[in-house]
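So the structure is just underneath, and the comments pick up after that.
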Amino acid sequence: MEENKQRKDWVYYLKNLDRRIIFLIIALSIIVAMIYPPQLPIVPEKAVKTCYDYIDSLPPGSRVFLSFDYDPSTLPECQPIAEAVIRQCFSRNLKVYAIALWPQGASQAAIAFSKLAPEYGKTYGVDYVNLGYKVGGAIVIQGMGEENGILATFPNDLANKPIKDMEIMKDVKSIRDMNFIFSISAGDPGIKTYVLIAGPQFGRKVGGGCTAVTAPEMFSFVASGQLTGLVAGLKGAADYEFLVGHPDSAIKKMPQQSVAHVVIIIFIIIANIVYFIEKYREKRGLV
Amino acid sequence: MRNSKILMFFSAIIFFIAFSPSIAFADEGLREKISYYFNVDKANILVGIIIVFFCVAYYLYHAQKGKALYIRPIAGLSALEDAVGRATEMGKPILYIPGIMDMDDIQTLAGISILGHVAHKVAEYQSRILVPVSKSVVMTTAQEVVKEAYLKAGRPEAFNIDDVWYLTDDQFGYVAGVDGIMMRDKPAANFYMGTFYAESLILAETGYATGAIQIAGTAMASQLPFFVAACDYTLIGEELYAASAYLSQDAHQISSIKGQDMAKAVVLGCIILGCILVTLNSLVGLPDFLMSFVKFFEVK
Amino acid sequence: MKRNIPIFITFITGLALILAHFVPRERQSISQIGEIVQDWAMIIFAFAIILGALNLLRVNIIEKVLRLAKGYGYSIVLVVAFFVTTGLGIGQGIEEGTKFFLIYKFIFTPLSATMFSLLAFFIASASFRAFRAKTGEATLLLVAAFIVMLGRVPIGDFLWTHIPFVSKYFMLSDISAWIMGFPNVAGQRAILIGAGLGAVAISLKILLGVERSYLGGED
């Protein structure tokens, strides 16, 4: 009796495709898109526009609190968001107060400020300040809501200099003195922590920037009004750069992301074609 | 029948409390007196906690009375013994990852709780369990839990404290380390139980490439799709929290799951009622005392 | 006694924090208890880092390097990197311009970003392997996935504009935004509510001493 061997044709090889070939095709498509980037129009999302419009409505001299809650692994998505928001703040002469709830967040803030402050002629201690990192997450946020909370929680800045005599800290006692809170986060602690604490307890408007993976969860807060806008992933960053009028790294990476999405969709379609052909053959008794 | 009476009873409590603010607190003096000791804006949270507490207490009472409580089988946990058995037959270790967050995270606690059961099974089968962790406090707890499990299985001499060790706090440093363990030691069964973020797919895909059977459990909604796509079994959301009760078959623990389910039924009832009221209000307009039910649940 | 004292501490601390949440901030005495406990928690977590570092060094130096175990070369790299980075950070500080910052910017940052970038490849291979239209629900999921994947990048709208008639009324990104804003939010809320209730129940079990696994095994 003959063994029922599976036919080793293109269907078989596609079904058992070595994943390294998939990796190679993805890599090649992105490299080609980097060398020959297709020019694609940017249409900002509503959630991004909401955030942009709110910051735009703040009068000059208003205080924007930025929380850098991400690390270098999510830098490609989160850093463009942070830079785009800082650009808008600097161009509107808003004061920027940066802290970090993740250890490396403070360094990411330093990188962003060192790039943008000279461009807009902003002075440290007058127009912006980097208060550094503090462990504790929700506890830190609650501490900052106390009377003199910011001073008590961050007596020194990232460079270990006392902040109480800085011009930017004049009349700033706690997070309640901020006009807007914006958290750029890649996980926890991050946007959710601010939404749950800073919003209800301190009555502050909270906006968020996050990675694309965490965005579906954050849309619940946008829908309920607990988040004033959401800048999600590289697309969100590109939208924000478009609104700010300064195309930067996010807009430049959009062609590559577009091509990657299309390639993955093609792979899924191929996989499903193979699946249906196999099903058809099984049904017809063909192997 | 009895459950529905309890359900109605608690629903009535919520309705009463929800409707009563406009009556009970109409008197400013009374409201001020209460506000001195209790933040009235958080009354809705307190009511929710009380409801859950009484639901859990109700079933705990019945569990103590000796009543048998049933919870449905959870596929991932039913496969646990098979996974450990498979690893033992192949002579390969079992890899257990209790998430990347610290002991203050509720999912980590659930993961550590399940670790005890898995470690006990591993000890019974005379196999080996590897538990690389991302946080120091989790490491000390996991060491105690695994040691206790081996002791309970009657094999204290088989416990190796170095099989539960700290890698790094850094998310991707940790996942690089675990991937290295998977590629070198080729564990036959991988368990991912706890809080995961972006590293979930990297872990699951690497585990798949090594041919291990994989059982995952997390309440992180954003990571569930990756685990479902790459793992053999996935515990979704509350199934992770219910796992400890399911594995131990302890009446007290199962009673809390039943109580939780009843609390969920009450929440569902409130959601449906709230939707109906808001819809009617937008169509025809409703009196204030009816809408106070919706206002009661507003986040303040 | 060994188990009862931690359970009692857990109960009292949990109760204090719950009360602190409900008591107005003006009631200093009660809200301060919550703040003190939270400060203690912060200190414990910070010191726990030392515990982890010591374990890391012990496992790598004693178990791997001194015994010349398999892969001990990697352990040497780890230990050297650990001491160099820690020494530079403590000695010179961590702000911009220091050698620690250079290590962070040019070694740690690219390495972390590289690990994260693996996701792009793994998503492709996982999608190829797992996303099959086996049932009606799976087909619906696939269609929604295609719409969201294309709608969230500029190429989606670009291709959509080439479809006659339809693009006059709505764009692919509008459908994508609707999927993210409504069905997705409904599903996320359901999971959040369920997980939230589960967390409340397990927290109650821990507070009341029913769940004791965190103490190291069961009675």
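All figures in this text were calculated on a predicted structure; none of them were measured in a lab.
- Neither the backbone nor the side chain of C:Leu159 comes within less than 4.5 Å of any heavy atom of chain A.
- C:Phe146 touches chain A through backbone and side chain together, each having a heavy atom under 4.5 Å away.
- Atom CD1 of A:Ile25 and atom CZ of C:Phe128 lie 9.0 Å apart (nearest 0.5 Å).
- Only the side chain of A:Glu77 comes within less than 4.5 Å of a heavy atom in chain C; its backbone stays farther off.
- Within the 4.5 angstrom heavy-atom criterion, atoms from both the backbone and the side chain of A:Ala232 approach chain C.
- A heavy-atom distance below 4.5 Å is not found between the side chains of A:Arg19 and C:Phe121.
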inquiry  = side-chain contact (heavy atoms from CB on, under 4.5 Å) for C:Phe101 and A:Ser107? Distances and angles first, verdict last.
reply    = CA-CA 8 Å; C:Phe101 195 79; A:Ser107 305; 3.9 Å; yes
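- For A:Lys253, no part sits under 4.5 Å from any heavy atom of chain C, backbone or side chain.
- With a 4.5 Å cut-off on non-hydrogen atoms, C:Met149 touches chain A through its backbone and its side chain both.
- Distance check: C:Lys134 NZ to A:Lys279 NZ gives 9.5 Å after rounding to the nearest 0.5 Å.
- The structure places CZ of C:Arg132 at 8.5 Å from OH of A:Tyr275, a figure rounded to the nearest 0.5 Å.
- To the nearest 0.5 Å, atom CD1 of residue C:Ile123 and atom CD1 of residue A:Ile22 are 13.0 Å apart.
- Contacts between A:Ala138 and chain C at a heavy-atom distance below 4.5 Å are absent for every atom of the residue.
- Here the CD1 atom belonging to C:Ile155 is positioned 11.5 Å from the CD atom belonging to A:Gln257, to the nearest 0.5 angstrom.
- The part of A:Val43 that comes within reach of chain C is its side chain, from C-beta onward, which places non-hydrogen atoms under 4.5 angstrom from that chain.
- A 6.0 Å sphere centred on CZ of A:Phe276 holds more than 12 heavy atoms belonging to other residues, nucleotides or ligands.
- With a 4.5 Å cut-off on non-hydrogen atoms, C:Ala124 touches chain A through its backbone and its side chain both.
- In this structure, chain A has a heavy atom under 4.5 Å from the side chain of C:Phe158, while its backbone stays farther away.
- Between atom OG of residue C:Ser125 and atom CD1 of residue A:Ile21 there is a gap of 12.5 Å, rounded to the nearest 0.5 Å.
- Neither the backbone nor the side chain of C:Leu111 comes within less than 4.5 Å of any heavy atom in chain A.
- Taking non-hydrogen atoms and a 4.5 Å limit, the residue list of residues 181-190 of chain C in contact with chain A, ordered by number, reads C:Asn184, C:Val185, C:Gln188, C:Arg189.
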